[in-house]
Asks: 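Here it is, the structure, as structure tokens.
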Amino acid sequence: MTTVKVRIAPSPTGDPHVGTAYIALFNYVFAKKHGGKFILRIEDTDRTRSRPEWEQMIIDAMKWLGLTWDEGPDVGGPHGPYRQSERGAIYAEHAQMLIDRGGAYRCFCTEERLTALREEQRKAKVAMPGYDGHCRHLSPDEIKAKLAEKLPYVVRLAMPKEGTTKVNDRLRGEVQFENAQVDDQVLLKSDGMPTYHLANVVDDHLMGITHVIRAEEWITSTPKHVQLYQAFGWTQPEWIHMPLLRNQDKSKISKRKNPVSLNYYRESGFSPAAMLNYLGMMGWTMPDGREKFTVAEMIDNFSFERISLGGPVFDVQKLTWLNGLYIRDHTADELATDLLTNMFNEKNLKAITPLIRERIDKLEDFVNHVGYFFAGDVSYSPEALQALVPKDKTNKDVSGMLAELLEIIDSLPRVEAADIDARLKALCEKLTWKPKEFFMPVRVAVTGRTATPPLGETMAVIGKERCRRRIRGAIAALKS
RNA sequence: GUCCCCAUCGUCUAGCCCGGUCUAGGACACAGCCCUUUCACGGCUGCGACAAGGGUUCGAAUCCCUUUGGGGACGCCA
């Protein structure tokens, strides 16, 4: 029997995601259950969106949760590198291998042609939009000529056009796909980087992955992966597609409708144990029905048979209840230590004091000045609410502005004073608002107050997660 | 639109595979009561679901089919 080896393969294109933690947990638990290995692989093949800061945050968040890996970019391992951007040669070689075997072909179609094609298909309401196979049957001479011209090209999967591909999913049984329904996916982009489809198959094979435990959204692309395994002549891993975490409205969990950043939960003071416990009960239950359990207990009792397939709604309220249980497990002393390390620590205090030094006359004034640096949500008094909307603006104007600000903040790894100041100024100018009209609503949204230290520094100390949740809260307040 | 997945209280779920023990159990939330100087915690009670229709069967939440509903995928994103 081969040793179980699984992986979590996040993409460093944004905040560390709760869905990543969810899938990582099940991979981790499964690996531990069977004495196997769990590895971390960074899928940073999207050159425009991947950033090292995001990668670092993912690693930090995973460490915070305690989901440690046996191989990964930081700890190395026998199958490295574990960062896909550093494995370019491997993918190029394998893409060539595929071309040689007829499992893939070069495609010289331009971005413009593909956009036009897509548009055409959309207008004609084509049942299965996709690549039309234009370059699939180019003659060797035509290809040679185009290569000689140095035309940029991609490598596409030569999907069989007849027959079916079977995917054996551990949780759902056999799922069949008509090959004609499956697109000739791009495997290698014109920048030489692989797409997910190629990279994940090649790496999973080379790294000896035995079980692919990933989210359900991948199930429709699995036939492509199965075809790739066959084209390479490799043995497939076992496929396990976990249900997707959902928003309240049942759509796939998203930052628009839910806090999805692990940093949010960390900074709000959720404990990793509670977080993992809660994630563990999304789609899985203890045999005895216990709701409070540790990862170790989950490992002891884990089996795929106890997974239910309905997409679980991620309910922050229930997570909060669970976290309360964990808080109460602590003695008062332990809780005090926790507070001292994570909230009222030297770093936080030293970040705040320069901002309020001029604003207090006695030490006891401190507490009344700094509540919003520590609090989660802020409430808006009638006066604050009034200040939120400047005289010449409507609620809609302000919520629109705040929504734009939210987008800006979302795109940043962290909020830094000078940087956010510049961005605020730029947004103000872009919207052609008067500074006075612009900055007060932002101040009120983020702090709940009309008088605060300078905004940029204040926001930096409050931090990205709190800033964004309060802005969201302000937008909601403006609606009612 | 096409393909794929899914379907028990508002939410997380047990039960479903191996039909009867299910007048469907637990938890969150909500409401009430108790505890209590207050608030919480804790305890108790209540509210609340087998999507619909057809089969199969002596008997179906459990098996089959259809419909409906929800979700996902359809990118040189992952």
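Throughout, protein chains are lettered first and strands after them, A, B, ... in sequence-line order, and every chain is numbered starting at 1. Every value quoted in this text rests on a predicted model; they were computed, and no experiment measured them.
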Asks: Any side-chain N or O of A:T220 under 4.0 Å from OP1/OP2 of B:C3?
Replies: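 Answer is no, no contact under 4.0 Å.
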Asks: Pick the C1' atom in B:U8 and in B:A60, then give their distance to the nearest Å.
Replies: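 Going atom to atom, C1' in each nucleotide, I get 14 Å.
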Asks: Please give the distance between the P atoms of B:U68 and B:U21 as a whole number of Å.
Replies: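 Per the computed distance, 33 Å lies between those P atoms.
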Asks: Students often mix this up, so state it plainly: with edges at 30° and 60°, are the rings of A:W234 and A:F232 parallel, tilted or perpendicular?
Replies: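 Rings of A:W234 and A:F232: parallel, under 30°.
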Asks: What do you reckon, are the aromatic ring centroids of A:F26 and A:Y22 less than 6.0 Å apart?
Replies: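 Ring-ring flag for A:F26/A:Y22: true, centres closer than 6.0 Å.
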Asks: Would you kindly give the CZ-to-C1' distance between A:R246 and B:C12, to the nearest whole Å?
Replies: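 In whole Å, B:C12 C1' lies 14 Å from A:R246 CZ.
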Asks: Under 3.5 Å, is there an N or O donor on one side and an acceptor on the other linking the side chain of A:K318 and the base of B:A27?
Replies: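 Side chain to base: pair found, below 3.5 Å.
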Asks: Between A:F302 and A:W284 (judged by ring centroids, cut-off 6.0 Å), do the two rings come close enough to count as a pair?
Replies: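 Yes, the ring centres sit under 6.0 Å apart.
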Asks: Under 6.0 Å from the ring centre and within 45 degrees of the ring axis: does the NZ or CZ of A:R156 meet both conditions for the six-membered ring of A:Y131?
Replies: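 Yes, A:R156 and A:Y131 form such a contact.
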Asks: Can you check the distance between B:C18 and B:G54, where both ends of the measurement are the C1' atom (answer in whole Å)?
Replies: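 Per the computed distance, 25 Å lies between those C1' atoms.
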Asks: I'd like to know if A:T195 reaches the base of B:C76 with its side chain, counting only an N/O donor and acceptor under 3.5 Å.
Replies: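 Such a pair does not exist between side chain and base.
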Asks: Does A:E43 reach a base, just sugar-phosphate, or nothing at all? Heavy atoms under 4.0 Å.
Replies: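 The answer is sugar-phosphate, as A:E43 gets under 4.0 Å only of primed atoms, P, OP1 or OP2.
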Asks: Within the structure shown, what part of the strands sits under 4.0 Å from A:R214 by heavy-atom distance: base, sugar-phosphate, or nothing?
Replies: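 The residue A:R214 makes no contact with any strand.
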Asks: When you compare B:U11 with B:C30, how far apart are their C1' atoms, in angstrom units rounded to a whole number?
Replies: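 Those two atoms are separated by 12 Å.
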